[in-house]
Amino acid sequence: MSEIPKAYNSQEVEDKIYEKWRESGFFNPDNLNLPKDKKNDKENRFVISMPPPNATGVLHLGHASMLAYQDLMIRYNRMDEKNVLWLPGTDHASIATQTKVEKIIAEKGQTKYDLGRENFLERVNKYVENSKNTIRKQTKKMGSSCDWDRERYTLDDGLSRAVKEVFVKMYNDKLIYRGDRIVNWCPRCESTLADDEVEHKDQKANLYYFKYQKDFPITIATTRPETKLGDTAVAVNPKDERYQKYIGQVFEIELGNGLHKIKIIADREVGMEFGTGALGVTPAHSMTDWEMAEKNNIEKIKIINEDGKMNASAGAGYKGLTVLEAREKFVKYLKKNNLIEKIEEVDQSLSVCYRCDTPIEPLPSKQWFVAVDQKITIKGNQYFQNKSLKEVALEVVNKSDEKNKDKIEIIPERFSKTYHNWMENLHDWCISRQIWFGHRMPVYYCFDCNLEKIKNNNLFKDRDGDEGFVTQLGTEDGKFIPAYEHLLRELEDGGKKIIDDDLEYFVDINPKKCPKCKSEKLFQNPDTLDTWFSSGLWTFSTLLNQDHKKYKTFEEWVANSPDLQNFHPTSVMETGYDILFFWIARMILMTTYTLGEVPFENVYLHGMVRDKQGRKMSKSLGNGIDPIEMIEKYGTDALRLSMIIGSSPGNDLRLFEEKIEGYRNFVNKLWNVSRYIIMNQESRIKNYEIDYENLTLADKWILEHLENLKYIVNNALENYQFSFAIDGEYGIRDFMWDKFADWYLEVSKVQGKNDVVLIYVLENLLKLCHPFIPFVTEQIWQEMGKEKLLMVEKWLKSKNEGIKLTQVNIDFNLIQGIISEIRRIKNENGISQKEKIDVVINYEIRKDLTQKDFDTIENNRNIIEALAVVKNLKIERKKEKPEGWIQFDCRVSVYVNIEDSIDKEKEAERIKKEIQEIEKYIKQIRSKLGNDNFIANAPADIVEKEREKYMESEEKKRKLEEKLKSLL
RNA sequence: GGGCGCUUAGCUCAGUUGGCUAGAGCAUCUCGUUUACACCGAGAGGGUCGGGGGUUCGAAUCCCUCAGCGCCCACCA
């Protein structure tokens, strides 16, 4: 049977194995052959909703690690006869994807406006189709056993309907409203951003100290002088004595752009130590200032437009300038008028867009929000009984110090503190985006109902802020088109932004006519929804019956979605801690509201993959590792192991090529262990039973450790300590390599093979390894001639409550100890391992050595002879050491005849060192045992142990001294 | 400014209710072409567990403090 290759060739087998799995149909829970009671028991489900990768290109190591952890959980539970569903998909990732495509077309010198909405979206969809394919391929490469039959995409028809349904439902429940307030605006994306989509970057900035005009009594300080053109107040701390007398006064100032009324107000938020202790309030372009203005009823002047340029309110000389140009010009003005007192360099944290790094402009805008503090009662919803979204989201997640099975548990638990803290401080969530790619909001306007307003109020403004409305417009070929069509075209093709201040709107999923006047001239709000709005529905929108058109109402649809009934809530949400707020929190908000169910029962947060130095992997640093390249080089199993081992919940993981290489070796070792066993089998054993009456010590020893291994692996998996299963004490690596390969197999070569034990151990080992390294284990399984797939073999539960080591282990350790010591003596004295030497094992009855131990050694003398390479092995009682032989001790005394080759001085030195160490140790124990407090307070077994250790050490010291004397 | 995490052998990391002379893999050194595997085997060296203090019979482990690194949150302009 030499057809099994010497080295495991991952390239050769992986794709074929994956095909086999896929063809078996077992990725799909509908095809699992479960006992009826298990199949129909909803409690017996195990469901993971795969966090959908963004549809923006390729998978990176972060995805690879996520797939490794999830597939491991999925495979383990599938083998354990759970009704397992792992649902894959992709996220349209509106801003990220749109930005990417914009960059691509920019290379050809195009903008999205050149293409128009429809063409641009077509371009985006083509791009997405492409990346979805790539992602699919790469996900398969990772060995992911997910159910491709249920693959979803956030822009699928069904999922899109879910988005609209939830929007309308929330609107009707007054949880979605339109509000006019200051928002985070990204001038490059030309869109709003949610609070958590804003990132902060530390940088140096100039802090300008100046007065608005010569006779103004207060000097203010700012890093953004240009915004002062929109100031309407100065805020000081109410306790600040310097400014007490001005509070409440109103000044009139002139900044070269008309008269401003500046009111002096008091606000506790103002720091007296910063700058001059006086803050120029620009309500329209600062979050803080906006709130102060709201409290104090102060006028808000918008001077910066959505394109990041100054508008007419900033003054004629400023209109059209960029923010930076305006700053330069205004500072020049201040200098010229001698108003600047000083300029200081300060540290400042600049707000930037998380997608394109552009500095954020806070500005007032009419946008749509989710009200997180609005209390509501929903019939049939266990959570919403006069509670707000925020309150429910806080309630359903365990706090870090509590354990409640009915609540979501976040692992590691420290993140539940982070979650609670964030949720408590959550503001209303801005969900409208001026992005083209995404779910368009189901908000409609009737052209006819609003016609007068449209005409009279010039409500349509173009992007430059120029106003105007025409009922008919000439096109290039000279034809005229009606206003409605013109309006639609403007909306669809971009370039114009609707300012829908006074327009009447209505919210509907798919309206055909105006509910009021029955006109069919409707136009939809061009804004799309925050991408996290749809991601927030992911765990259930993916399980809704995709054949949705049959169902008129949402409730009917839900009721007719068997997957939703069977698989929701999902079991574990496994994702990176970086999207705890973006995604986890949103899913909890949206799902508890929509279904009255939590989206998942547990959250497992993994860390980020970093390079060897702990740096983030990035293109600019060039330190990224391509998972596909690693798979080609070392195999998927090796890559998976390198991400599983060394990772713990919530902690970052360092990954580098040597590590992957190391696990390739591990995989290959398992391959060769199996190869040896399969090749040396007399015949293929199919049905077998272990003959427990006729087992050698080594047989019993390996079987005992296999039982322990089952416990270790099960325990590790149940507690999400994946790394521990392989790399921990008594883990898979220790068992497979150190115990099974290096000892048991070697012993079996000497004592004769027990094929049944070999096969039994191998099969069990493969089952335990499969969730971690599915490809190689499945391939070996096939090489063994199995008909069934290992993937659906029954999982091994542990009988143990913990690690149990019996006399068997002690006995085998005795033999191992003797062998290792003889090998060491040879090695240290320059004797070849192959050279057979004379050995006498001297045995004496002591407390810890009985006749049984003597028998053990005697019964296994062939192992000692072979593995330690010994001739004339004598096992005797109370035999004096032959003159000139070397003695060492490992529970028993062993005399070795190597006088000719021994370096006596070197050996003496070594023994002296050893004696010193043991003396130090004896001193430690003696002081412990001499301490009355220790005797009195420590548990009896600990004291007893210390006493034993003391006796042993004294004995060991005595023997070492004896040995030293004999050497000199 | 608030919160969290990390610091154990040259490197990457274990060490889960405080109690085996603190462990593993890689790297290093020595030896080895034993018919499963050189992607291997046999052995060896290497750490006052970041510093200081405290609690305790006993601390890598618990508490305090200092230092360094990293992350998250926050409206100090």
Side-chain angles (χ1 to χ4, degrees), chain A residues 4 6-8 196 200 207 220-224 227 235 269-271 273-275 278-282 286-292 346 348-349 351 362 414-415 417-418 421-422 425 577-578 580-581 608 610 612 614 634 638 645-646 648 650-656 658-659 661-680 719 721 723-724 727-729 731 733-734 738 741-742 745-746 749 819-820 823-828 830-834 867 869 917-918 920-921 924-925 928 931-939 941-943 945-946 949 953:
Chain A
I4 302 178
K6 256 175 104 157
Y8 169 62
D196 46 311
H200 302 276
L207 183 64
I220 59 162
T222 182
T223 53
R224 296 199 58 187
T227 62
E269 297 295 313
V270 180
E273 301 78 26
F274 190 90
L279 161 68
V281 179
T282 320
S286 153
M287 298 282 173
T288 324
D289 297 6
W290 176 274
E291 279 172 29
M292 286 187 200
V346 292
Q348 183 205 28
S349 87
S351 301
R414 67 186 142 90
F415 279 103
K417 205 170 160 184
T418 318
N421 190 34
W422 183 83
N425 294 311
Y577 62 73
D578 55 331
L580 177 62
F581 306 137
M608 306 294 113
R610 296 175 175 278
K612 194 168 185 176
Y634 302 106
I645 296 171
S648 52
N651 291 326
D652 291 349
L653 170 79
R654 296 186 184 196
L655 191 68
F656 39 95
E658 300 96 287
K659 193 173 167 185
E661 192 185 342
Y663 294 117
R664 188 265 321 258
N665 296 352
F666 174 89
V667 167
N668 192 54
K669 186 73 183 179
L670 177 65
W671 175 259
N672 271 291
V673 164
S674 314
R675 178 170 181 259
Y676 169 74
I677 294 170
I678 298 168
M679 278 177 26
N680 283 290
N719 293 298
Q721 294 170 319
S723 180
F724 206 72
D727 219 26
E729 201 181 10
R733 185 195 171 93
D734 172 67
D738 295 350
D742 289 347
L745 291 188
E746 292 309 314
K749 289 175 187 172
I819 294 167
S820 294
R823 285 168 170 174
R824 187 187 63 75
I825 291 270
K826 282 188 182 177
N827 233 315
E828 299 242 307
I831 301 165
S832 161
Q833 290 295 346
K834 283 186 300 185
L867 297 189
V869 193
E917 267 169 33
I918 198 124
K920 225 164 86 189
Y921 180 56
Q924 264 178 42
I925 305 187
K928 237 189 221 177
N931 185 339
D932 293 342
N933 283 326
F934 174 70
I935 305 292
N937 293 325
D941 60 314
I942 297 283
V943 176
K945 251 190 211 164
E946 289 295 318
K949 279 193 283 186
S953 305

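By convention in this document, chain letters (A, B, ...) are assigned in the order of the sequence lines, proteins followed by strands, and residues within each chain are numbered from 1.
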Any donor-acceptor pair, under 3.5 Å, between the side chain of A/E269 and the base of B/rA77, if you only look at N and O atoms? no

P-based separation of B/rG10 from B/rA67 [nearest Å]: 26 Å

Taking the C1' atom in each of B/rA9 and B/rG47, what is the distance between them to the nearest angstrom? 5 Å

Which nucleotide, in any strand shown, forms a Watson-Crick or G-U wobble pair with B/rA59, with both distances under 3.5 Å? none

Nearest of B/rC4, B/rC75, B/rC26 to any side-chain atom of A/T288? B/rC75

Would you classify A/A741 as touching base, sugar-phosphate or nothing, given that sugar-phosphate means primed atoms plus P, OP1 and OP2, and contacts are heavy atoms under 4.0 Å? base

Please state how far atom CG in A/N425 lies from atom C1' in B/rC73, giving the value in whole angstrom units. 9 Å

Taking only the side-chain heavy atoms of A/N933 (C-beta and beyond), determine which of B/rC40, B/rG3, B/rC57 contains the nearest atom. B/rC57

Validate the cation-pi geometry between A/K749 and A/Y676: distance from NZ or CZ to the six-membered ring centre under 6.0 Å, angle to the ring axis within 45°. yes

Which atom names give the shortest non-hydrogen contact between A/Y577 and A/M608, and what distance separates them? OH-CG, 3.5 Å

Nearest of B/rC57, B/rC4, B/rC11 to any side-chain atom of A/K612? B/rC11

For B/rC20 versus B/rA60, give the span between their P atoms, rounded off to a whole number of Å. 10 Å

Paired with B/rA44 by Watson-Crick or G-U wobble geometry, both distances under 3.5 Å: which nucleotide is it? B/rU28

Heavy-atom closest pair (A/F934 atom, A/I942 atom, distance to 0.1 Å) is CZ-CG2, 4.2 Å

Assign each of A/W422 and A/D738 to its nearest nucleotide of RNA chain B by heavy atoms, then name whichever residue's nucleotide is nearer the 5' end. A/D738

On a plain distance test, is the side chain of A/K6 in donor-acceptor contact with the base of B/rA38 below 3.5 Å? no

Heavy atoms from C-beta onward define the side chain here; which of B/rC31, B/rC26, B/rU33 lies closest to that of A/K834? B/rU33

Which part of the nucleic acid, if any, lies within contact of A/G271, taking any heavy atom under 4.0 Å across all strands shown: a base, the sugar-phosphate backbone alone, or nothing? base

Is the ring pair A/F581/A/W422 parallel, tilted or perpendicular, if the boundaries are 30 and 60 degrees? parallel

Whether A/N665 contacts B/rC40 is assessed here as follows: a side-chain N or O lying under 4.0 Å from the phosphate OP1 or OP2. Is that the case? yes

My understanding is that a pair needs two contacts under 3.5 Å, Watson-Crick or G-U wobble. By that rule, which nucleotide pairs with B/rG23? B/rC13

Using a cut-off of 4.0 Å on non-hydrogen atoms, how would the nucleic acid contact of A/K826 be classed: base, sugar-phosphate, or nothing? nothing

Please figure out whether A/I935 or A/R664 has its closest RNA chain B nucleotide nearer the 5' end. A/R664

Sticking with atom P, work out how far B/rU61 lies from B/rU17, rounded to a whole angstrom. 13 Å

Just to be sure I understand the rule, does A/V270 reach a base, reach only the sugar-phosphate, or reach nothing, if contact means heavy atoms closer than 4.0 Å? base

5' to 3', nucleotides 13-23 of chain B under a 4.0 Å protein heavy-atom cut-off (B base, S sugar-phosphate only, - none) gives SS-B--B-B--

From CD of A/E658 across to C1' of B/rU28 the rounded distance in Å is 15 Å

Using the C1' atom in both, what is the distance from B/rG68 to B/rA77, to the nearest Å? 32 Å

Does B/rA77 have OP1 or OP2 under 4.0 Å away from a side-chain N or O of A/T282? no

Could you give the distance separating B/rA27 and B/rC11 at their C1' atoms, to the nearest angstrom? 7 Å

Please name the pair of heavy atoms, one in A/G275 and one in A/L207, separated by the smallest distance, quoted to 0.1 Å. CA-CD2, 4.5 Å

Rounding to an integer number of Å, can you tell me how far A/N827 CG sits from B/rA42 P? 11 Å

Complementary nucleotide for B/rA36 - Watson-Crick or wobble, under 3.5 Å: none

Classify A/Q833 by what it touches in the nucleic acid, base, sugar-phosphate, or nothing, heavy-atom distance under 4.0 Å. sugar-phosphate

Base, sugar-phosphate, or nothing: which does A/E746 touch, judged by heavy atoms less than 4.0 Å apart? base

Is any side-chain N or O of A/R823 closer than 4.0 Å to OP1 or OP2 of B/rG43? yes

Partners meeting side-chain contact (heavy atoms from CB on, under 4.5 Å) with A/S286 (sequence neighbours left out): A/T288, A/D289

Closest heavy-atom pair and its distance - A/I925, A/K949: CD1-CB, 3.9 Å

Side-chain contact check for A/K417: nearest option of B/rG3, B/rU12, B/rA42 is B/rG3

Side-chain atoms of A/H200 come closest, of B/rA36, B/rA77, B/rA74, to B/rA74

Nearest heavy-atom contact between A/V673 and A/A741 is CG2-CB, 3.8 Å

B/rG25 phosphate, OP1 or OP2: any side-chain N/O from A/K659 under 4.0 angstrom? no

Which heavy atom in A/K659 sits nearest to a heavy atom in A/L653, and how many Å separate them? NZ-CD1, 3.7 Å

Can you tell me the base-pairing partner of B/rC4? Count Watson-Crick or G-U wobble geometry only, both distances below 3.5 Å, and say none if there is no partner. B/rG70

Interatomic distance at C1', B/rC62 relative to B/rC57, whole Å: 16 Å

When we call it a touch if two heavy atoms are under 4.0 Å apart, what does A/R224 touch: a base, just sugar-phosphate, or nothing? nothing

Test side-chain hydrogen bond (donor to acceptor under 3.5 Å, both in side chains) on A/S648 and A/N651 and set out the steps. CA-CA 6 Å; A/S648 52; A/N651 291 326; 3.1 Å; yes

For B/rU16 versus B/rU34, give the span between their P atoms, rounded off to a whole number of Å. 41 Å

